[in-house]
Asker: 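Mind looking over this structure? Questions follow.
None of the values given here were measured: they were computed from a predicted structure. Residue numbers run from 1 in the order of the sequence given.
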Amino acid sequence: KNKSDELIFDEYWNKPLKIDEKFFLVMDGQHRMEAAKIIGLKKIPCILYDYKKVDIYSLRPKEFKKITYKNIYNNYKNKKIYPYKTAKHLYNDSNSINCEIHLKNLK
């Protein structure tokens with residue numbers, strides 16, 4: 001079952017995307033964002049984070065030993081993207097922020 005199927009089946013958006021407040025980079029929720037595009041949503045619930053206050057580590061430590069917000073910003077400015085599932089983020093709110101917004105309200 002893919003993310004767009006889950007969204008259509010559930011009819012509610014229940015987990016906001018986590019977005020960098022400076023450049024609006026998706027920190028968590030890339031798949032949900034892509035699913036939202038597929039089903040034609042015009043709005044997506046998000047929470048803004050200051051990248052400087054989020055802990056980041058690499059899921060590919062052999063290739064990318066140290067990942068920082070500065071590396072991520074530089075990559076963004078140079079149109080370079082890390083490979084899928086390279087950076088992992090740790091948030092102070094420990095993923096506890098949820099919502100319940102009917103998808104019809106996001107179209």
Side-chain angles (χ1 to χ4, degrees):
K1 188 163 149 177
N2 66 40
K3 290 288 182 191
S4 59
D5 290 341
E6 287 177 25
L7 289 171
I8 293 167
F9 179 76
D10 293 340
E11 295 183 16
Y12 288 90
W13 192 283
N14 57 25
K15 188 174 181 184
L17 302 184
K18 294 182 178 181
I19 306 291
D20 158 62
E21 66 185 10
K22 184 172 182 179
F23 294 111
F24 304 107
L25 305 173
V26 177
M27 301 166 78
D28 179 61
Q30 185 69 37
H31 288 106
R32 284 176 278 131
M33 183 180 76
E34 296 303 324
K37 290 177 188 178
I38 290 169
I39 63 173
L41 298 184
K42 302 263 189 277
K43 301 173 188 173
I44 304 172
C46 299
I47 300 171
L48 297 176
Y49 286 85
D50 180 348
Y51 235 136
K52 296 174 190 171
K53 297 179 181 176
V54 174
D55 291 327
I56 310 164
Y57 64 93
S58 177
L59 292 175
R60 299 171 184 265
K62 291 180 183 176
E63 302 165 67
F64 304 96
K65 292 183 191 326
K66 180 77 174 154
I67 297 179
T68 67
Y69 76 91
K70 289 179 184 178
N71 301 127
I72 291 169
Y73 284 167
N74 283 334
N75 281 0
Y76 169 72
K77 289 175 187 175
N78 293 312
K79 297 183 171 119
K80 179 181 172 188
I81 300 173
Y82 278 120
Y84 176 69
K85 294 281 186 189
T86 297
K88 186 72 175 169
H89 303 84
L90 299 172
Y91 308 91
N92 326 20
D93 59 32
S94 68
N95 294 329
S96 62
I97 299 173
N98 293 313
C99 62
E100 190 171 312
I101 302 171
H102 199 282
L103 295 180
K104 69 181 178 186
N105 296 325
L106 301 173
K107 290 199 175 221

Asker: Minimum heavy-atom separation for W13 and K15, please, with both atom names.
Answerer: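 The pair with the smallest heavy-atom distance is NE1-O, 2.8 Å.
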Asker: Specify the closest pair of heavy atoms between N105 and K43, including all atoms of both residues, with the distance to one decimal.
Answerer: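 Heavy atoms of N105 and K43 come nearest at O-CD, 4.5 Å.
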Asker: Determine whether L106 and L48 fall in the same hydrophobic cluster, where Ile, Leu, Val, Met, Phe, Trp and Tyr are linked whenever their side-chain heavy atoms lie under 4.5 Å apart.
Answerer: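 Yes; L48 is reachable from L106 via cluster members.
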Asker: To the nearest 0.5 Å, tell me how far I39 CD1 sits from E34 CD.
Answerer: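 It is 12.5 Å, given to the nearest 0.5 Å.
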Asker: When you measure from the side chain of N74 to the backbone of N71, do you find a donor-acceptor pair of N or O atoms at a distance under 3.5 Å?
Answerer: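 No, N74 side chain to N71 backbone: no donor-acceptor pair under 3.5 Å.
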Asker: Search all heavy atoms of M27 against all heavy atoms of D20 and return the closest pair with its distance.
Answerer: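 Nearest heavy atoms, M27 then D20: SD-N, 3.5 Å.
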Asker: If we only count heavy atoms from C-beta on, is the D28 to Y91 side-chain gap below 4.5 Å?
Answerer: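 They are in side-chain contact.
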Asker: Parallel, tilted or perpendicular for Y69 and Y51, by the 30°/60° rule?
Answerer: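 Rings of Y69 and Y51: parallel, as their planes differ by under 30°.
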Asker: Find the distance between NZ (K70) and NZ (K52) and round it off to the nearest 0.5 Å.
Answerer: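 It is 8.5 Å, given to the nearest 0.5 Å.
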Asker: Please report the interatomic distance OG1(T68) to CD1(I56), rounded to the nearest 0.5 Å.
Answerer: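 Between atom OG1 of T68 and atom CD1 of I56 there are 6.5 Å.
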Asker: Under 4.5 Å between side-chain heavy atoms, hopping through other hydrophobics if needed: is there a path connecting I101 to I44?
Answerer: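 Linked, I101 and I44 end up in one cluster.
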Asker: To the nearest 0.5 Å, tell me how far N92 CG sits from D55 CG.
Answerer: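 Separation between the atoms: 8.0 Å.
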Asker: Please round to the nearest 0.5 Å and tell me the distance separating atom CD1 of I72 and atom CG of L25.
Answerer: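 Here the rounded value is 8.0 Å.
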Asker: To the closest 0.5 Å, what do you measure between SG (C46) and CD (E21)?
Answerer: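 Separation between the atoms: 13.0 Å.
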Asker: Residues two or more places apart in sequence or in another chain: which of them pass ring-ring contact (aromatic ring centres under 6.0 Å, His included) with F23?
Answerer: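 Once residues adjacent in sequence are excluded, the partners of F23 under the ring-ring contact (aromatic ring centres under 6.0 Å, His included) criterion are Y73, Y76.
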Asker: When you look at CG of L90, are more than 12 heavy atoms from neighbouring residues, nucleotides or ligands closer to it than 6.0 Å?
Answerer: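 Result for CG/L90: enclosed.
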Asker: So, do K107 and L41 sit near enough that their side-chain heavy atoms are less than 4.5 Å apart?
Answerer: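 A side-chain contact exists here, since the closest heavy-atom pair is under 4.5 Å.
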Asker: Which atom names give the shortest non-hydrogen contact between I19 and F24, and what distance separates them?
Answerer: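 Between these two residues, the closest heavy atoms are CG2-CA, 3.4 Å.
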Asker: How close do S58 and I67 get, counting heavy atoms only, and between which atoms?
Answerer: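 Result for this residue pair: CB-CD1, 3.8 Å.
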Asker: Taking all non-hydrogen atoms of both residues, which atom of K85 and which atom of R60 are closest, and how far apart?
Answerer: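 Looking at all heavy atoms of both residues, the closest pair is O-NE, 3.8 Å.
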Asker: Do the side chains of Y84 and Q30 get nearer than 4.5 Å, heavy atoms only?
Answerer: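 No - every pair of side-chain heavy atoms lies 4.5 Å or more apart.
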